There are 2 protein chains.
Amino acid sequence: MTLHRVTTTGRVVDLLREQILSGALPEATLLRQEKLAAEFGVSRVPIREALHQLEAEGLVTMQSHKGAVVSSLSIDDLEEVYEIRARLETWLLEQSMPLLAEQRYRKAEALLAQMVEDRRDELWSNLNWDFHATLYEPANRPQTLALVRKLYLNAYRHFPLPIRLTGSREKMNREHQVLLDLCRQGDVARASAHLEQHILMGARHLISRLKALRRQEGDAGRA
Amino acid sequence: MTLHRVTTTGRVVDLLREQILSGALPEATLLRQEKLAAEFGVSRVPIREALHQLEAEGLVTMQSHKGAVVSSLSIDDLEEVYEIRARLETWLLEQSMPLLAEQRYRKAEALLAQMVEDRRDELWSNLNWDFHATLYEPANRPQTLALVRKLYLNAYRHFPLPIRLTGSREKMNREHQVLLDLCRQGDVARASAHLEQHILMGARHLISRLKALRRQEGDAGRA
DNA sequence: TACAGAAAAATTGGATTCAATATTCAATTC
DNA sequence: GAATTGAATATTGAATCCAATTTTTCTGTA
(Lines give C-alpha, C1' and ligand atoms only; values in the text may rest on other atoms or scores of the structure.)
Protein backbone atom coordinates (compact mmCIF):
# COMPACT_ATOMS: atom_id res chain seq x y z
CA MET A 1 0.00 0.00 0.00
CA THR A 2 1.61 3.19 -1.21
CA LEU A 3 0.29 6.15 0.73
CA HIS A 4 -0.30 8.85 -1.86
CA ARG A 5 1.56 11.80 -0.39
CA VAL A 6 -0.52 14.94 -0.81
CA THR A 7 0.69 17.57 -3.21
CA THR A 8 -0.52 21.12 -3.53
CA THR A 9 -1.99 20.34 -6.93
CA GLY A 10 -3.91 17.41 -5.48
CA ARG A 11 -5.35 19.51 -2.67
CA VAL A 12 -6.41 22.22 -5.10
CA VAL A 13 -8.11 19.64 -7.31
CA ASP A 14 -10.04 18.22 -4.36
CA LEU A 15 -11.06 21.63 -3.08
CA LEU A 16 -12.22 22.95 -6.43
CA ARG A 17 -14.05 19.73 -7.27
CA GLU A 18 -15.86 19.80 -3.97
CA GLN A 19 -16.86 23.44 -4.45
CA ILE A 20 -18.10 22.84 -7.97
CA LEU A 21 -20.06 19.70 -7.12
CA SER A 22 -21.61 21.31 -4.08
CA GLY A 23 -22.81 24.26 -6.10
CA ALA A 24 -20.65 26.75 -4.20
CA LEU A 25 -19.10 27.58 -7.58
CA PRO A 26 -22.09 27.59 -9.93
CA GLU A 27 -21.79 26.93 -13.64
CA ALA A 28 -20.24 29.63 -15.82
CA THR A 29 -18.25 31.02 -12.88
CA LEU A 30 -14.95 32.48 -14.07
CA LEU A 31 -11.95 30.90 -12.42
CA ARG A 32 -9.12 33.41 -12.35
CA GLN A 33 -5.77 31.79 -11.78
CA GLU A 34 -4.32 34.69 -9.80
CA LYS A 35 -7.39 34.94 -7.60
CA LEU A 36 -7.46 31.23 -6.81
CA ALA A 37 -3.72 31.24 -6.17
CA ALA A 38 -4.08 34.08 -3.67
CA GLU A 39 -7.09 32.43 -2.06
CA PHE A 40 -5.27 29.12 -1.51
CA GLY A 41 -1.96 30.81 -0.75
CA VAL A 42 -0.03 29.06 -3.51
CA SER A 43 1.48 29.96 -6.85
CA ARG A 44 -0.36 29.69 -10.14
CA VAL A 45 1.43 26.51 -11.22
CA PRO A 46 -0.55 24.04 -9.09
CA ILE A 47 -3.72 26.00 -9.89
CA ARG A 48 -3.19 25.46 -13.58
CA GLU A 49 -2.35 21.80 -13.18
CA ALA A 50 -5.55 21.41 -11.21
CA LEU A 51 -7.59 23.23 -13.86
CA HIS A 52 -6.26 20.94 -16.56
CA GLN A 53 -7.21 17.92 -14.50
CA LEU A 54 -10.71 19.24 -13.83
CA GLU A 55 -11.11 20.04 -17.50
CA ALA A 56 -10.45 16.39 -18.35
CA GLU A 57 -13.04 15.46 -15.73
CA GLY A 58 -15.54 17.66 -17.50
CA LEU A 59 -16.07 20.07 -14.61
CA VAL A 60 -14.21 23.00 -16.12
CA THR A 61 -13.84 24.45 -19.60
CA MET A 62 -10.61 26.18 -20.54
CA GLN A 63 -10.10 28.57 -23.40
CA SER A 64 -6.55 29.48 -24.18
CA HIS A 65 -5.52 32.96 -23.16
CA LYS A 66 -9.04 33.67 -22.02
CA GLY A 67 -9.57 31.72 -18.87
CA ALA A 68 -11.35 28.82 -17.24
CA VAL A 69 -15.02 28.64 -16.36
CA VAL A 70 -17.10 26.12 -14.46
CA SER A 71 -18.65 24.06 -17.24
CA SER A 72 -22.35 24.01 -17.98
CA LEU A 73 -24.67 21.24 -19.07
CA SER A 74 -27.46 21.89 -21.54
CA ILE A 75 -30.88 20.44 -20.81
CA ASP A 76 -30.38 17.91 -23.58
CA ASP A 77 -27.05 16.89 -22.10
CA LEU A 78 -28.64 16.60 -18.70
CA GLU A 79 -31.39 14.37 -20.02
CA GLU A 80 -28.85 12.15 -21.75
CA VAL A 81 -26.82 11.78 -18.57
CA TYR A 82 -29.92 10.51 -16.81
CA GLU A 83 -30.64 8.11 -19.64
CA ILE A 84 -27.12 6.69 -19.35
CA ARG A 85 -27.62 6.34 -15.63
CA ALA A 86 -30.91 4.54 -16.15
CA ARG A 87 -29.32 2.15 -18.60
CA LEU A 88 -26.31 1.35 -16.41
CA GLU A 89 -28.01 1.34 -13.03
CA THR A 90 -30.73 -1.07 -14.12
CA TRP A 91 -27.96 -3.35 -15.32
CA LEU A 92 -26.13 -3.04 -12.00
CA LEU A 93 -29.31 -3.83 -10.12
CA GLU A 94 -30.04 -6.87 -12.27
CA GLN A 95 -26.56 -8.22 -11.63
CA SER A 96 -26.70 -7.37 -7.97
CA MET A 97 -30.19 -8.52 -6.99
CA PRO A 98 -29.52 -12.28 -6.84
CA LEU A 99 -26.63 -11.53 -4.50
CA LEU A 100 -28.38 -9.17 -2.09
CA ALA A 101 -28.14 -10.42 1.47
CA GLU A 102 -30.25 -9.58 4.51
CA GLN A 103 -27.54 -7.42 6.04
CA ARG A 104 -27.52 -5.21 2.99
CA TYR A 105 -31.29 -4.80 3.04
CA ARG A 106 -31.02 -3.62 6.61
CA LYS A 107 -28.39 -1.08 5.65
CA ALA A 108 -30.57 0.19 2.81
CA GLU A 109 -33.54 0.49 5.13
CA ALA A 110 -31.51 2.39 7.68
CA LEU A 111 -30.50 4.85 4.97
CA LEU A 112 -34.13 5.20 3.91
CA ALA A 113 -35.19 5.93 7.46
CA GLN A 114 -32.54 8.63 7.71
CA MET A 115 -33.75 10.18 4.47
CA VAL A 116 -37.28 10.35 5.76
CA GLU A 117 -36.22 12.01 8.99
CA ASP A 118 -33.41 14.34 8.07
CA ARG A 119 -34.54 17.51 6.32
CA ARG A 120 -31.17 18.88 5.28
CA ASP A 121 -30.96 18.95 1.48
CA GLU A 122 -27.22 18.55 1.20
CA LEU A 123 -27.21 15.41 3.31
CA TRP A 124 -30.22 13.96 1.53
CA SER A 125 -28.39 13.97 -1.79
CA ASN A 126 -25.53 12.00 -0.27
CA LEU A 127 -27.86 9.54 1.43
CA ASN A 128 -29.71 9.12 -1.85
CA TRP A 129 -26.52 8.05 -3.57
CA ASP A 130 -25.53 5.79 -0.69
CA PHE A 131 -28.90 4.06 -0.90
CA HIS A 132 -28.54 3.38 -4.61
CA ALA A 133 -24.90 2.29 -4.24
CA THR A 134 -25.83 -0.09 -1.45
CA LEU A 135 -28.11 -1.95 -3.82
CA TYR A 136 -25.53 -2.04 -6.63
CA GLU A 137 -22.39 -3.04 -4.77
CA PRO A 138 -22.85 -6.82 -4.83
CA ALA A 139 -22.78 -6.65 -8.64
CA ASN A 140 -19.05 -6.15 -8.20
CA ARG A 141 -18.65 -3.71 -11.09
CA PRO A 142 -16.37 -1.06 -9.57
CA GLN A 143 -15.77 0.90 -12.75
CA THR A 144 -19.45 1.08 -13.60
CA LEU A 145 -20.29 2.16 -10.08
CA ALA A 146 -17.63 4.88 -10.17
CA LEU A 147 -18.83 6.07 -13.57
CA VAL A 148 -22.45 6.24 -12.49
CA ARG A 149 -21.50 8.06 -9.31
CA LYS A 150 -19.60 10.63 -11.32
CA LEU A 151 -22.59 11.17 -13.60
CA TYR A 152 -24.89 11.51 -10.60
CA LEU A 153 -22.76 14.11 -8.84
CA ASN A 154 -21.96 16.04 -11.99
CA ALA A 155 -25.59 16.33 -13.00
CA TYR A 156 -26.85 17.15 -9.54
CA ARG A 157 -24.69 20.21 -9.06
CA HIS A 158 -26.50 22.08 -11.80
CA PHE A 159 -29.47 22.54 -9.57
CA PRO A 160 -29.30 25.39 -7.11
CA LEU A 161 -29.89 23.84 -3.75
CA PRO A 162 -33.33 25.35 -3.01
CA ILE A 163 -34.94 23.70 -6.04
CA ARG A 164 -33.18 20.36 -5.99
CA LEU A 165 -35.74 18.54 -3.97
CA THR A 166 -38.71 20.86 -3.90
CA GLY A 167 -41.84 18.81 -3.90
CA SER A 168 -40.17 15.59 -4.87
CA ARG A 169 -38.68 14.32 -1.68
CA GLU A 170 -41.74 12.47 -0.44
CA LYS A 171 -42.29 10.94 -3.88
CA MET A 172 -38.67 9.83 -4.03
CA ASN A 173 -38.88 8.29 -0.58
CA ARG A 174 -41.96 6.32 -1.55
CA GLU A 175 -40.34 5.11 -4.76
CA HIS A 176 -37.26 4.00 -2.86
CA GLN A 177 -39.41 1.98 -0.52
CA VAL A 178 -41.19 0.31 -3.43
CA LEU A 179 -37.87 -0.48 -5.07
CA LEU A 180 -36.60 -2.06 -1.90
CA ASP A 181 -39.77 -4.15 -1.55
CA LEU A 182 -39.49 -5.40 -5.13
CA CYS A 183 -35.88 -6.37 -4.49
CA ARG A 184 -36.88 -8.29 -1.39
CA GLN A 185 -39.50 -10.14 -3.40
CA GLY A 186 -36.81 -11.10 -5.88
CA ASP A 187 -38.77 -9.72 -8.83
CA VAL A 188 -35.85 -8.69 -11.01
CA ALA A 189 -37.88 -7.53 -14.01
CA ARG A 190 -40.24 -5.32 -12.05
CA ALA A 191 -37.52 -3.94 -9.80
CA SER A 192 -35.44 -3.02 -12.82
CA ALA A 193 -38.38 -1.41 -14.59
CA HIS A 194 -39.26 0.51 -11.47
CA LEU A 195 -35.71 1.77 -11.07
CA GLU A 196 -35.69 2.91 -14.67
CA GLN A 197 -38.88 4.88 -14.15
CA HIS A 198 -37.55 6.26 -10.90
CA ILE A 199 -34.48 7.68 -12.60
CA LEU A 200 -36.16 8.94 -15.76
CA MET A 201 -39.04 10.51 -13.84
CA GLY A 202 -36.57 12.17 -11.51
CA ALA A 203 -34.88 13.63 -14.55
CA ARG A 204 -38.13 14.89 -15.97
CA HIS A 205 -39.05 16.54 -12.71
CA LEU A 206 -35.71 18.24 -12.35
CA ILE A 207 -35.70 19.41 -15.95
CA SER A 208 -39.16 20.91 -15.74
CA ARG A 209 -38.19 22.79 -12.60
CA LEU A 210 -34.98 23.93 -14.25
CA LYS A 211 -36.86 25.21 -17.27
CA ALA A 212 -39.27 27.10 -15.04
CA LEU A 213 -36.33 28.61 -13.22
CA ARG A 214 -34.68 29.73 -16.45
CA ARG A 215 -37.92 31.26 -17.71
CA GLN A 216 -38.13 33.16 -14.46
CA GLU A 217 -34.56 34.36 -14.75
CA GLY A 218 -35.18 35.35 -18.36
CA ASP A 219 -38.14 37.46 -17.32
CA ALA A 220 -36.13 39.09 -14.57
CA GLY A 221 -33.37 39.83 -17.06
CA ARG A 222 -35.80 41.50 -19.45
CA ALA A 223 -37.52 43.52 -16.72
CA MET B 1 -17.26 29.95 -33.66
CA THR B 2 -14.22 30.49 -31.48
CA LEU B 3 -11.17 28.91 -33.00
CA HIS B 4 -9.38 27.13 -30.19
CA ARG B 5 -5.87 28.44 -30.50
CA VAL B 6 -3.40 25.65 -29.90
CA THR B 7 -1.22 25.74 -26.83
CA THR B 8 1.90 23.74 -26.13
CA THR B 9 0.10 21.83 -23.40
CA GLY B 10 -2.71 20.95 -25.78
CA ARG B 11 -0.32 19.63 -28.39
CA VAL B 12 1.52 17.54 -25.84
CA VAL B 13 -1.78 16.07 -24.62
CA ASP B 14 -2.78 15.11 -28.16
CA LEU B 15 0.59 13.61 -28.99
CA LEU B 16 0.86 11.56 -25.81
CA ARG B 17 -2.72 10.38 -26.03
CA GLU B 18 -2.22 9.26 -29.61
CA GLN B 19 0.97 7.41 -28.71
CA ILE B 20 -0.66 5.68 -25.77
CA LEU B 21 -3.81 4.68 -27.63
CA SER B 22 -1.83 3.41 -30.61
CA GLY B 23 0.30 1.22 -28.38
CA ALA B 24 3.51 3.07 -29.21
CA LEU B 25 3.77 3.72 -25.48
CA PRO B 26 2.69 0.41 -23.94
CA GLU B 27 1.24 0.12 -20.46
CA ALA B 28 3.59 0.58 -17.51
CA THR B 29 5.97 2.73 -19.57
CA LEU B 30 7.67 5.32 -17.39
CA LEU B 31 7.09 8.87 -18.56
CA ARG B 32 10.02 11.01 -17.48
CA GLN B 33 9.21 14.70 -17.55
CA GLU B 34 12.69 15.77 -18.55
CA LYS B 35 12.90 13.20 -21.33
CA LEU B 36 9.52 14.13 -22.79
CA ALA B 37 10.35 17.83 -22.53
CA ALA B 38 13.58 17.32 -24.47
CA GLU B 39 11.83 15.14 -27.01
CA PHE B 40 9.13 17.72 -27.72
CA GLY B 41 11.50 20.64 -27.37
CA VAL B 42 9.55 22.36 -24.59
CA SER B 43 9.92 22.97 -20.88
CA ARG B 44 8.59 20.62 -18.23
CA VAL B 45 5.63 22.83 -17.34
CA PRO B 46 3.38 21.94 -20.30
CA ILE B 47 4.47 18.32 -19.92
CA ARG B 48 3.23 18.26 -16.37
CA GLU B 49 -0.03 19.96 -17.22
CA ALA B 50 -0.54 17.38 -19.96
CA LEU B 51 0.21 14.50 -17.58
CA HIS B 52 -2.37 15.76 -15.12
CA GLN B 53 -4.94 15.94 -17.88
CA LEU B 54 -4.15 12.44 -19.10
CA GLU B 55 -4.32 11.17 -15.55
CA ALA B 56 -7.88 12.45 -15.27
CA GLU B 57 -8.63 10.69 -18.56
CA GLY B 58 -7.37 7.47 -17.05
CA LEU B 59 -4.50 6.97 -19.48
CA VAL B 60 -1.72 7.79 -17.04
CA THR B 61 -1.09 7.14 -13.36
CA MET B 62 0.92 9.64 -11.37
CA GLN B 63 2.63 9.05 -8.07
CA SER B 64 3.91 12.10 -6.31
CA HIS B 65 7.66 12.53 -6.35
CA LYS B 66 8.01 9.22 -8.14
CA GLY B 67 6.77 9.71 -11.65
CA ALA B 68 4.08 8.97 -14.18
CA VAL B 69 3.45 5.67 -15.94
CA VAL B 70 1.12 4.63 -18.72
CA SER B 71 -1.79 3.08 -16.84
CA SER B 72 -2.67 -0.60 -17.02
CA LEU B 73 -5.99 -2.38 -17.08
CA SER B 74 -6.49 -5.65 -15.26
CA ILE B 75 -8.30 -8.45 -17.04
CA ASP B 76 -11.29 -7.94 -14.77
CA ASP B 77 -11.31 -4.24 -15.60
CA LEU B 78 -11.08 -5.04 -19.28
CA GLU B 79 -14.02 -7.39 -19.09
CA GLU B 80 -16.09 -4.81 -17.25
CA VAL B 81 -15.31 -2.18 -19.88
CA TYR B 82 -16.67 -4.50 -22.53
CA GLU B 83 -19.77 -5.17 -20.47
CA ILE B 84 -20.40 -1.44 -20.18
CA ARG B 85 -19.94 -1.11 -23.92
CA ALA B 86 -22.38 -3.94 -24.56
CA ARG B 87 -24.96 -2.35 -22.30
CA LEU B 88 -24.65 1.13 -23.81
CA GLU B 89 -24.17 0.16 -27.45
CA THR B 90 -27.22 -2.09 -27.52
CA TRP B 91 -29.18 0.85 -26.14
CA LEU B 92 -27.77 3.16 -28.80
CA LEU B 93 -28.66 0.67 -31.50
CA GLU B 94 -32.20 0.26 -30.20
CA GLN B 95 -32.70 4.03 -30.26
CA SER B 96 -31.05 4.38 -33.61
CA MET B 97 -32.55 1.51 -35.60
CA PRO B 98 -35.98 3.02 -36.31
CA LEU B 99 -34.20 6.08 -37.69
CA LEU B 100 -31.68 4.32 -39.95
CA ALA B 101 -32.00 5.53 -43.54
CA GLU B 102 -30.85 3.89 -46.76
CA GLN B 103 -27.95 6.28 -47.17
CA ARG B 104 -26.57 5.20 -43.85
CA TYR B 105 -26.84 1.53 -44.70
CA ARG B 106 -24.82 2.19 -47.82
CA LYS B 107 -22.14 3.94 -45.79
CA ALA B 108 -22.01 1.01 -43.34
CA GLU B 109 -21.73 -1.44 -46.22
CA ALA B 110 -18.92 0.54 -47.80
CA LEU B 111 -17.02 0.41 -44.51
CA LEU B 112 -17.62 -3.34 -44.29
CA ALA B 113 -16.27 -3.84 -47.79
CA GLN B 114 -13.16 -1.89 -46.88
CA MET B 115 -12.66 -4.02 -43.79
CA VAL B 116 -12.85 -7.20 -45.83
CA GLU B 117 -10.31 -5.97 -48.34
CA ASP B 118 -7.79 -4.00 -46.36
CA ARG B 119 -5.36 -6.12 -44.38
CA ARG B 120 -3.70 -3.40 -42.33
CA ASP B 121 -4.48 -3.97 -38.65
CA GLU B 122 -4.25 -0.37 -37.54
CA LEU B 123 -6.75 0.79 -40.14
CA TRP B 124 -9.10 -2.10 -39.43
CA SER B 125 -9.53 -0.99 -35.84
CA ASN B 126 -10.53 2.50 -37.00
CA LEU B 127 -12.91 1.17 -39.62
CA ASN B 128 -14.41 -1.11 -37.01
CA TRP B 129 -15.26 1.83 -34.82
CA ASP B 130 -16.56 3.85 -37.75
CA PHE B 131 -18.88 1.00 -38.68
CA HIS B 132 -20.32 0.80 -35.20
CA ALA B 133 -20.62 4.57 -34.89
CA THR B 134 -22.41 4.80 -38.22
CA LEU B 135 -25.15 2.58 -36.86
CA TYR B 136 -25.42 4.53 -33.59
CA GLU B 137 -25.36 8.11 -34.82
CA PRO B 138 -29.06 8.53 -35.58
CA ALA B 139 -29.78 7.82 -31.91
CA ASN B 140 -28.53 11.35 -31.33
CA ARG B 141 -26.81 10.63 -28.05
CA PRO B 142 -23.51 12.47 -28.41
CA GLN B 143 -22.28 11.99 -24.87
CA THR B 144 -22.99 8.29 -24.91
CA LEU B 145 -21.28 7.91 -28.24
CA ALA B 146 -18.22 9.80 -27.01
CA LEU B 147 -18.11 7.73 -23.83
CA VAL B 148 -18.36 4.44 -25.68
CA ARG B 149 -15.69 5.54 -28.14
CA LYS B 150 -13.38 6.38 -25.28
CA LEU B 151 -13.95 2.96 -23.72
CA TYR B 152 -13.32 1.26 -27.05
CA LEU B 153 -10.04 3.02 -27.72
CA ASN B 154 -8.81 2.75 -24.17
CA ALA B 155 -9.42 -0.98 -24.02
CA TYR B 156 -8.04 -1.71 -27.45
CA ARG B 157 -4.62 -0.27 -26.82
CA HIS B 158 -3.81 -2.95 -24.28
CA PHE B 159 -3.40 -5.48 -27.02
CA PRO B 160 -0.06 -5.49 -28.79
CA LEU B 161 -0.88 -5.06 -32.45
CA PRO B 162 0.09 -8.56 -33.65
CA ILE B 163 -2.47 -10.28 -31.47
CA ARG B 164 -5.31 -7.84 -31.74
CA LEU B 165 -7.05 -9.47 -34.64
CA THR B 166 -5.37 -12.82 -34.98
CA GLY B 167 -7.90 -15.36 -36.12
CA SER B 168 -10.90 -13.19 -35.37
CA ARG B 169 -11.05 -10.86 -38.30
CA GLU B 170 -13.11 -13.11 -40.56
CA LYS B 171 -15.47 -13.94 -37.73
CA MET B 172 -15.90 -10.25 -36.92
CA ASN B 173 -16.60 -9.44 -40.56
CA ARG B 174 -19.27 -12.11 -40.75
CA GLU B 175 -20.88 -10.89 -37.52
CA HIS B 176 -20.92 -7.34 -38.81
CA GLN B 177 -22.70 -8.47 -41.93
CA VAL B 178 -25.31 -10.35 -39.91
CA LEU B 179 -25.83 -7.30 -37.71
CA LEU B 180 -26.37 -5.12 -40.73
CA ASP B 181 -28.87 -7.60 -42.20
CA LEU B 182 -30.85 -7.72 -38.97
CA CYS B 183 -30.93 -3.93 -38.92
CA ARG B 184 -32.23 -3.85 -42.47
CA GLN B 185 -34.95 -6.32 -41.52
CA GLY B 186 -35.94 -4.00 -38.71
CA ASP B 187 -35.71 -6.75 -36.10
CA VAL B 188 -34.70 -4.63 -33.13
CA ALA B 189 -34.68 -7.39 -30.55
CA ARG B 190 -32.53 -9.79 -32.56
CA ALA B 191 -30.19 -7.07 -33.77
CA SER B 192 -29.64 -5.87 -30.22
CA ALA B 193 -29.07 -9.40 -28.93
CA HIS B 194 -26.66 -10.09 -31.77
CA LEU B 195 -24.71 -6.91 -31.06
CA GLU B 196 -24.47 -7.84 -27.40
CA GLN B 197 -23.06 -11.24 -28.26
CA HIS B 198 -20.71 -9.67 -30.80
CA ILE B 199 -19.22 -7.38 -28.17
CA LEU B 200 -19.07 -9.89 -25.34
CA MET B 201 -17.65 -12.64 -27.56
CA GLY B 202 -15.05 -10.22 -28.85
CA ALA B 203 -14.08 -9.50 -25.28
CA ARG B 204 -13.80 -13.18 -24.46
CA HIS B 205 -11.61 -13.81 -27.47
CA LEU B 206 -9.28 -10.93 -26.68
CA ILE B 207 -9.04 -11.89 -23.04
CA SER B 208 -8.18 -15.51 -23.77
CA ARG B 209 -5.47 -14.42 -26.18
CA LEU B 210 -4.19 -11.93 -23.63
CA LYS B 211 -4.03 -14.61 -20.96
CA ALA B 212 -2.14 -16.91 -23.28
CA LEU B 213 0.28 -14.10 -24.05
CA ARG B 214 0.87 -13.38 -20.37
CA ARG B 215 1.44 -17.06 -19.61
CA GLN B 216 3.99 -17.11 -22.41
CA GLU B 217 5.73 -14.03 -21.06
CA GLY B 218 5.67 -15.51 -17.60
CA ASP B 219 7.41 -18.66 -18.86
CA ALA B 220 9.98 -16.58 -20.71
CA GLY B 221 10.60 -14.59 -17.53
CA ARG B 222 11.23 -17.76 -15.52
CA ALA B 223 13.43 -19.35 -18.17
C1' DT C 1 30.59 -11.43 -0.24
C1' DA C 2 26.48 -9.42 1.74
C1' DC C 3 24.53 -5.81 3.97
C1' DA C 4 23.55 -1.15 6.28
C1' DG C 5 23.95 3.49 6.07
C1' DA C 6 25.38 7.86 4.23
C1' DA C 7 26.61 10.83 0.40
C1' DA C 8 25.60 11.97 -4.39
C1' DA C 9 22.74 12.14 -8.32
C1' DA C 10 18.40 12.18 -10.45
C1' DT C 11 13.73 13.47 -10.47
C1' DT C 12 9.68 15.68 -9.23
C1' DG C 13 6.97 19.70 -6.97
C1' DG C 14 6.36 24.55 -6.68
C1' DA C 15 7.66 29.64 -6.99
C1' DT C 16 9.26 33.22 -9.70
C1' DT C 17 10.03 35.49 -13.96
C1' DC C 18 9.37 36.57 -18.70
C1' DA C 19 6.57 36.39 -23.06
C1' DA C 20 2.32 36.17 -25.65
C1' DT C 21 -2.42 37.17 -25.96
C1' DA C 22 -6.75 39.27 -24.72
C1' DT C 23 -9.41 43.02 -22.67
C1' DT C 24 -10.34 47.75 -21.50
C1' DC C 25 -10.89 52.37 -22.33
C1' DA C 26 -9.77 56.80 -23.96
C1' DA C 27 -8.84 59.37 -28.17
C1' DT C 28 -10.13 59.97 -32.91
C1' DT C 29 -12.84 59.88 -37.00
C1' DC C 30 -17.02 59.84 -39.47
C1' DG D 1 -23.27 60.65 -30.94
C1' DA D 2 -21.69 55.97 -32.67
C1' DA D 3 -18.11 53.30 -34.36
C1' DT D 4 -13.10 52.45 -34.64
C1' DT D 5 -8.40 52.45 -33.60
C1' DG D 6 -4.59 51.94 -30.56
C1' DA D 7 -2.15 52.39 -26.28
C1' DA D 8 -2.43 50.74 -21.43
C1' DT D 9 -3.74 47.10 -18.45
C1' DA D 10 -4.87 42.54 -17.11
C1' DT D 11 -4.50 37.73 -17.75
C1' DT D 12 -2.79 33.60 -19.38
C1' DG D 13 1.13 30.53 -21.32
C1' DA D 14 5.64 28.86 -20.80
C1' DA D 15 10.67 28.91 -19.30
C1' DT D 16 13.77 29.18 -15.65
C1' DC D 17 15.04 28.63 -11.01
C1' DC D 18 14.89 26.72 -6.33
C1' DA D 19 13.28 23.22 -2.86
C1' DA D 20 11.75 18.68 -1.49
C1' DT D 21 11.83 13.84 -2.25
C1' DT D 22 13.37 9.67 -4.16
C1' DT D 23 16.74 6.68 -6.23
C1' DT D 24 21.35 5.34 -6.95
C1' DT D 25 26.00 4.84 -5.78
C1' DC D 26 29.64 4.49 -2.73
C1' DT D 27 31.72 3.14 1.51
C1' DG D 28 32.70 0.66 5.59
C1' DT D 29 31.76 -3.31 8.40
C1' DA D 30 30.64 -7.94 9.80
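Computed from a prediction, not measured in an experiment: that's the story for all the values here.
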Query raised in the report: Which of the following nucleotides, C:dG13, D:dA15, C:dA15, is nearest to the side chain of B:M62?
Result: C:dG13
Query raised in the report: What's the closest nucleotide to the B:H65 side chain, out of C:dG13, C:dT21, D:dA15?
Result: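 Side chain of B:H65 sits closest to C:dG13.
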**Report entry** Qualifying salt bridge (charged side-chain N to carboxylate O under 4.0 Å, His left out) pairs, either residue in residues 124-141 of chain A, two or more places apart
**Finding:** A:R104-A:E137, A:R141-B:E83
Would you say [N] has OP1 or OP2 under 4.0 Å from some side-chain N or O of [X]?
X     : N      : answer
B:S43 : D:dT16 : no
B:T8  : D:dA14 : yes
A:T9  : C:dG14 : yes

Requested in this report: Return the residues of residues 24-39 of chain A meeting this criterion: a heavy atom under 4.0 Å from some atom of DNA chain C. Order them by number, or give none.
Outcome: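 Heavy-atom cutoff 4.0 Å gives no residues at all.
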Query raised in the report: Can you list the residues that meet the salt bridge (charged side-chain N to carboxylate O under 4.0 Å, His left out) rule with B:D118, with sequence neighbours excluded?
Result: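 If we apply the salt bridge (charged side-chain N to carboxylate O under 4.0 Å, His left out) test to B:D118, skipping adjacent residues, the hits are B:R120.
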Can you sort out the partners of [X] under side chain to side chain contact (heavy atoms under 4.5 Å, CB included), two or more places apart, ordered by chain and number?
X      : value
B:K171 : B:R174, B:E175, B:M201
B:A24  : B:Q19, B:S22
A:S96  : A:L100, A:P138, A:A139

Requested in this report: State which residues pass ring-ring contact (aromatic ring centres under 6.0 Å, His included) with A:F131; sequence neighbours excluded, sorted by chain then number.
Outcome: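 Scan of A:F131 (ring-ring contact (aromatic ring centres under 6.0 Å, His included), adjacent residues dropped) gives A:H176.
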**Report entry** side chain to side chain donor-acceptor pair (under 3.5 Å): pairs with one or both residues in residues 29-38 of chain B, sequence neighbours excluded
**Finding:**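 Passing the test, one end in residues 29-38 of chain B: B:Q33-B:R44.
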Query - Spacing between A:Q63 atom CD and D:dT11 atom P, to the nearest angstrom - result: 17 Å
Requested in this report: Please work out which residues in residues 44-53 of chain B have a non-hydrogen atom less than 4.0 Å from an atom of DNA chain D and list them by number.
Outcome: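 Heavy-atom contacts with DNA chain D come from B:V45, B:P46.
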Query raised in the report: Any side-chain donor-acceptor pair under 3.5 Å between A:Y156 and A:N128?
Result: no
